[in-house]
> 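If you scroll down you'll find the structure; I have some questions about it.
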Amino acid sequence: MEHINAMLDEFLQTDNLNQQQIQELQLQRLRETVDRARRAPWYDRVLGDTGIQVADIHSVDDVCKLPLTTKDDLRQAMPYGFLAVPLDDVVRMHYSSGTTGVATGVCHTHNDVRWWSECVARGLHAAGVTRSDVFQNMMGYGLFTGGLGFHYASELIGCMTIPASAGNTQRQVQLMRQFGTTVLHILPSYAVRVANYCIENGLDPASDLSIRTVFVGGEPHSEHLRARIEQLFDCKSYNCYGLSEMAGPGVAMECPAQHGLHVREDHYLAEVLDPVTLEPVEPGERGELVLTSLRREAMPLLRYRTRDLTRFIPEPCPCGNSHCRIERIQGRTDDMLIVKGVNIYPQQVEYVLMQMPEVGNNYLILLENPDNTDDMVVQVELSPTIGVDDMRALRRIERQLVDALHAELLMTPTVKLLQPNSLPAAEGKAVRVIDNRQ
Ligand code: DLL
């Protein structure tokens, strides 16, 4: 118990560093990282080509002198081109999930695993999770980082941890009831599905379960989806962001203010760049998040292009944590769809749908071009509370959805209403778009 309290005190001290202290720490760690990165064959070559030395880094702003790293670079250098330690020092590897191409492997030393767990544990602690909580981890265990990333963190806090992994909803609910689960870690799309499974089986997820805190992440989701989760389980839902290349979940997490995610700035140096010019955006403007790991030993990454779109929230956070905040991820640069010449992010569709109480859990965007003209069909599951026999009511809902989507997207999609739970449920992260266009 004493060691947990000492650790929690340390978390508090780190979260309460002021910006000047954070930047001093970042500068020291940035220099160490550049030094360490040179031991990896890839960076030895790339940094050698640029001629940049540790001595050229005088402030954290000098990070812009370093070369950018992309997912393609990682792919080219698979499996060990980015490894900066002897293989003997590596204790684990994970895959990035590869939703946008070939998955890449990421290696970890003992320290990498420990610091990663601490980053997540800080978020659990900030949200009020304690050793008295029963923590059900419903993210996939294995190569995906969602499961093990939170598992070690909740054990650090001292929670009774249920390594439930993803899927098998009936057993998940049974575990929650049997063991009085109070905290969940879950994909946001799956959270709503679990709640609806409860309702269909005569349980009220708000009153028949004991969930008070839910951590969601791993995929984009809107503020409205959060509101739904909170209402369904009568809980607080906190957003957690991360990517396997930077260890996994815990790069940035929400605090009780629930407005933006605090980047763990003692571990990650964040930049927001214009994805086209690759120059920093104006303060507070949206762009691509670029991350430099500051402590990772096995695979330090310099200026990694995440492809995730966000912005810094410049105002200080009322929670007192002075680490910078990013807004929830608005999509990925490579998510953008061009339909009939209009740029669309799937997040915009979710934003519209989740405001309508008639809409159920799941939706799917289908893109086709039968006569060389783009067609966008939004398949929308209805809420289980809507009678599917009232044709007039269904036509009204369809019309409302088309109008609301048109107002947001500036183009008119076709809307198809479906019975509740009729779309195939994804095993892992939700599949929101199928592009069948030639
Ligand atoms: O998804 C790590 C993770 C697991 C984070 C569980 C949070 C909770 P990857 O499989 O490598 O790692 O996928 C990383 O997922 O670049 C984002 O595009 C997306 N992503 C992750 N968290 C969020 C989030 C894990 N909270 C990619 N909001 C990232 C939006 C997210 N997108």
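Numbers here are sequence positions counted from 1. In each ligand, atom 1 is the first atom listed, and ligand 1 is the first ligand listed. Because only heavy atoms are used, hydrogens play no part in the values below, and waters and symmetry mates are left out as well, while side chains stay in.
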> Do any heavy atoms of Lys429 fall under 4.0 Å from ligand 1?
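Within the 4.0 Å threshold, so yes.
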
> Check each of Lys71, Arg328, Glu219, His94 against atom 28 (N) of ligand 1 and report the one with the nearest heavy atom.
Glu219

> Within 45 degrees of the axis of the six-membered ring of Trp116 and under 6.0 Å from its centre: does Arg114 put its NZ or CZ there?
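Pair Arg114/Trp116 does not count as cation-pi.
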
> Is the centre of the Tyr95 ring less than 6.0 Å from the centre of the Phe144 ring?
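No, ring centres 6.0 Å or more apart.
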
> Given Gly248, Pro188, Ala103, Gly218, identify the one with the heavy atom nearest to atom 7 (C) of ligand 1.
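Shortest heavy-atom distance from atom 7 (C) of ligand 1: Gly218.
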
> Go through the structure and list residues passing side chain to side chain donor-acceptor pair (under 3.5 Å) with Tyr238, not counting sequence neighbours.
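For Tyr238, no residue satisfies side chain to side chain donor-acceptor pair (under 3.5 Å) once neighbours in sequence are set aside.
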
> Please indicate whether Glu10 has more than 12 foreign heavy atoms, meaning atoms of other residues, nucleotides or ligands, lying under 6.0 Å from its CD.
no

> If you measure from atom 16 (O) of ligand 1 to every heavy atom of Ile186, Asp334, Leu243, Asp308, which option wins on shortest distance?
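Looking at heavy atoms only, Asp308 sits closest to atom 16 (O) of ligand 1.
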
> With heavy atoms of Cys240 as the reference, note each atom of ligand 1 found under 4.0 Å away.
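Here the atoms of ligand 1 in question are 7 (C), 22 (N), 24 (C), 26 (N).
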
> Would you confirm whether the ring centroid of Phe150 sits within less than 6.0 angstrom of the ring centroid of His185?
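Yes, close enough.
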
> Which of the numbered atoms in ligand 1 are below 4.0 angstrom from a heavy atom of Arg332?
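The atoms of ligand 1 under 4.0 Å from a heavy atom of Arg332 are 16 (O), 18 (O).
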
> Under a 4.0 angstrom heavy-atom cut-off, which atoms of ligand 1 come close to Asn239?
24 (C), 26 (N)

> With side-chain hydrogen bond (donor to acceptor under 3.5 Å, both in side chains) as the rule and sequence neighbours excluded, what pairs involving residues 76-93 come up?
Arg92-His94

